[in-house]
Q: 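Have a look at this one.
Order of listing sets the numbers, starting from 1, for every ligand and every atom in it. Starting from 1, each residue takes its place in the sequence as its number.
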Amino acid sequence: MTELAMYGGPRVRDIPYPTHDTMIGREEEEAVIATLRRKELSGFSGRPGDRFLGGPNVRRLEDGFRTYFGTTHAVSFNSATSALHSAVAAVGVGPGDEVIVPPTSMSASATCVVMANAVPVFADIEDETFCLDPNEVEKKITPRTKAIIVVNLFGHPARLEALKEISSEHELALIEDNAQSPGAAINGKFAGTIGDIGVLSLNYHKAIQTGEGGVAVTNNDKYAQRMQLIRNHGEVVLAKWTDDDLPDLENIVGWNYRMTEIEAAIGMSQIEKLDKLLEVRRDLANSLTAALQPYKFLIPPFVRQNCSHSYYFFTMRFLPEEAGYHRDVFVRAMQAEGVAISPGYEIPIYRYPMYQNQIAYGDTGCPFRCPHYTGEPDYAAGLCPTAERLYDLELVTTDICKFPNGAREVKEFVEAVHKVADNQERLSKEA
Ligand SMILES: *Cc1c(COP(=O)(O)O)cnc(C)c1O
């Protein structure tokens with residue numbers, strides 16, 4: 001038995017992981033240089049006219065996303081957070097409304113609701129995929145509910161078909177936060193295209209990136225137009241902008257959420273690489289899943305029938321009863337071996353002070369205790385028991401399943417798990 005690095009033995013991995021910047025290559029370089037030479041760093045104008053919808057790179061990037069996802073519209077933004085905010089505003093969410101969201105995600109998945117002066121209502125997630133549980137969503141619907149934001153978390157689609165049925169039945173908008181799951185699919189249909197609007201992120205950490213950036217895809221003409229207006233100051237409602245009627249535009253509050261031509265130059269090359277990059281993720285994840293089969297205390301990511309996973313993270317469940325010690329002991333031992341792993345994911349969003357104190361804007365209590373809101377916000381401990389248990393006790397995440405990592409990184413990870421499993425007795429005495 002090899003001594004654990006935690007107890008002074010040799011580490012499994014002694015070098016840092018490569019960064020995934022290497023996904024940026026010649027194509028991106030050339031596109032950026034061509035853009036610099038053209039000297040048009042943004043093609044947007046806030047005034048009516050052709051440039052209202054951005055410059056040539058922005059258009060090309062949007063074409064690329066529309067083609068890839070097979071939607072009628074793609075609207076680019078300077079981040080997925082701005083795209084989410086615009087999506088929430090575009091479907092008409094406002095003061096007094098509730099939007100059902102999952103607690104397990106990056107904070108913007110819920111905070112975008114507060115940005116529209118509405119109240120996020122958290123529904124619990126399921127054990128298997130860590131995504132919204134449709135049964136829990138149904139329990140949270142009230143006369144004030146206006147929309148559902150579902151997050152396709154870690155690369156796996158949520159139960160989108162069930163959620164679509166619920167949203168249709170109750171006439172709610174369904175927004176997919178698909179920031180982590182481009183290319184994931186359910187019955188051959190891309191995650192992000194089943195709800196009314198799907199949001200992708202192009203920030204540095206995501207499967208493809210432009211540094212910062214986001215895209216919303218939709219088949220709904222009205223939502224697309226509203227998002228284009230919200231993205232670009234909304235002033236253009238003063239003038240006749242297109243030949244179409246623009247219904248319900250009187251309350252457009254516009255922001256500046258526009259993407260630059262430089263980011264778009266990178267993004268239009270990146271979308272071309274998405275399938276190749278996903279293939280790397282899937283190959284590594286499949287071999288890691290296979291290699292983890294012998295270890296009963298560690299459950300690899302679940303892939304539901306007829307679904308494909310895009311493995312933003314390789315998120316496992318650690319079972320403390322099987323292991324005989326706490327998840328955090330396991331993580332400490334693994335980290336000491338030099339392999340990439342972290343406990344939990346983001347904290348359940350309602351544990352953030354903004355929700356706990358119900359103070360968002362100034363000290364008026366809006367939107368939580370706003371005169372237009374007739375509900376009673378609930379962010380108490382125990383609100384979403386599955387999310388809390390997974391966060392506190394079970395989830396462990398590694399991000400090794402991505403370019404430019406390969407078989408070596410998978411092998412080291414498994415070797416570290418094996419060493420830890422071999423030292424069960426000693427570890428079970430750790431606090
Ligand atoms: C990254 C991420 C976001 C935010 O993306 P930005 O582009 O950084 O604004 C939103 N939701 C989820 C689930 C994410 O992973």
Q: Check this for me - ligand 1, Glu212, N or O atoms closer than 3.5 angstrom, yes or no?
A: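 No, Glu212 has no N/O under 3.5 Å of an N/O on ligand 1.
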Q: Suppose I only count heavy atoms of Thr81 and a 4.0 Å limit; which atoms of ligand 1 are within that range?
A: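 Close to Thr81: 4 (C), 6 (P), 9 (O).
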Q: Which ligand 1 atoms, with their elements, are less than 4.0 angstrom from a heavy-atom of Ser79?
A: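 Contacts of ligand 1 toward Ser79, numbered from 1: 7 (O), 9 (O).
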Q: Give a yes or no on whether the backbone of Cys384 and the side-chain of Tyr350 come within a donor-acceptor separation of less than 3.5 Å.
A: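 The answer is yes, because a donor-acceptor pair under 3.5 Å joins these two groups.
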Q: Please check this pair: side chain of Asn219 against backbone of Thr72, looking for a donor-acceptor N/O pair closer than 3.5 Å.
A: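 It does hold such a pair.
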Q: If we only consider heavy atoms of Lys206, is any one of them less than 4.0 Å away from an atom in ligand 1?
A: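 It does, in that a heavy atom of Lys206 comes within the 4.0 Å cut-off of ligand 1.
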Q: Any side-chain to backbone donor/acceptor pair from Tyr312 onto Ala179? Under 3.5 Å, distance only.
A: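 No, the answer is negative, given that no donor and acceptor are paired below the 3.5 Å cut-off.
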Q: For ligand 1, is Gly213 a contact, meaning one of its heavy atoms is under 4.0 Å away?
A: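 It does; at least one heavy atom falls under 4.0 Å.
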Q: Any nitrogen or oxygen of Ser201, side chain or backbone, less than 3.5 Å from one on ligand 1?
A: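 For ligand 1, there is an N or O atom that lies under 3.5 Å from one belonging to Ser201.
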Q: Could you tell me, atom by atom, which parts of ligand 1 come under 4.0 Å of a heavy atom of Ser105?
A: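 Near Ser105, the atoms of ligand 1 are 13 (C).
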Q: How are the rings of Tyr325 and Phe297 set to each other: parallel, tilted or perpendicular (split at 30° and 60°)?
A: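 Tyr325 and Phe297: tilted rings.
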Q: Who pairs with Glu98 by side chain to side chain donor-acceptor pair (under 3.5 Å), at least two apart in sequence or on another chain?
A: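 With sequence neighbours excluded, Glu98 shows a side chain to side chain donor-acceptor pair (under 3.5 Å) to Thr142, Arg144, Tyr373, given in chain and number order.
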Q: May I ask you to identify the nearest protein heavy atom to atom 8 (O) of ligand 1, giving residue, atom name and distance to one decimal place in Å?
A: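 Protein heavy atom with the smallest distance to atom 8 (O) of ligand 1: Asn203 ND2, 2.8 Å.
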Q: Counting non-hydrogen protein atoms only, what is the nearest one to atom 11 (N) of ligand 1? Give residue, atom name and distance.
A: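 The answer is Asp177 OD2, 2.7 Å.
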Q: Against heavy atoms of Met106, which atoms of ligand 1 measure under 4.0 Å?
A: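 Under 4.0 Å from Met106, ligand 1 has these atoms: 2 (C), 3 (C), 4 (C), 10 (C), 12 (C), 14 (C).
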Q: Where on Val151 is there a heavy atom closer than 4.0 Å to ligand 1, on the side chain, on the backbone, on both, or on neither?
A: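 Contact part for Val151 vs ligand 1: side chain (C-beta onward).
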Q: Measure from the side-chain N and O atoms of Ser308 to the backbone N and O of Ala185, and report whether any donor-acceptor pair falls under 3.5 Å.
A: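 Side chain of Ser308 to backbone of Ala185, a donor-acceptor pair under 3.5 Å: yes, one is there.
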Q: Under 4.0 Å, counting heavy atoms only: does Gly214 come that close to any atom of ligand 1?
A: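 No.
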Q: Treating Glu136 as the side-chain partner and Leu132 as the backbone partner, does any N or O pair qualify as donor plus acceptor under 3.5 Å?
A: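 A pair under 3.5 Å: no.
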Q: Which residue owns the protein heavy atom closest to atom 15 (O) of ligand 1, what's the atom, and how far is it?
A: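 The answer is Gln180 NE2, 2.8 Å.
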Q: So does Gly211 get a backbone contact from the side chain of Gln209, meaning a donor-acceptor N/O pair under 3.5 Å?
A: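 Between the backbone of Gly211 and the side chain of Gln209 there is a qualifying donor-acceptor contact (under 3.5 Å).
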Q: What part of Ala80, side chain from CB on, backbone N/CA/C/O, both or neither, has a heavy atom under 4.0 Å from ligand 1?
A: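 Near ligand 1, Ala80 shows its backbone as well as its side chain.
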Q: Parallel under 30°, tilted from 30 to 60°, perpendicular over 60°: which one fits the rings of Phe154 and Phe313?
A: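 Answer is tilted, since the angle falls between 30° and 60°.
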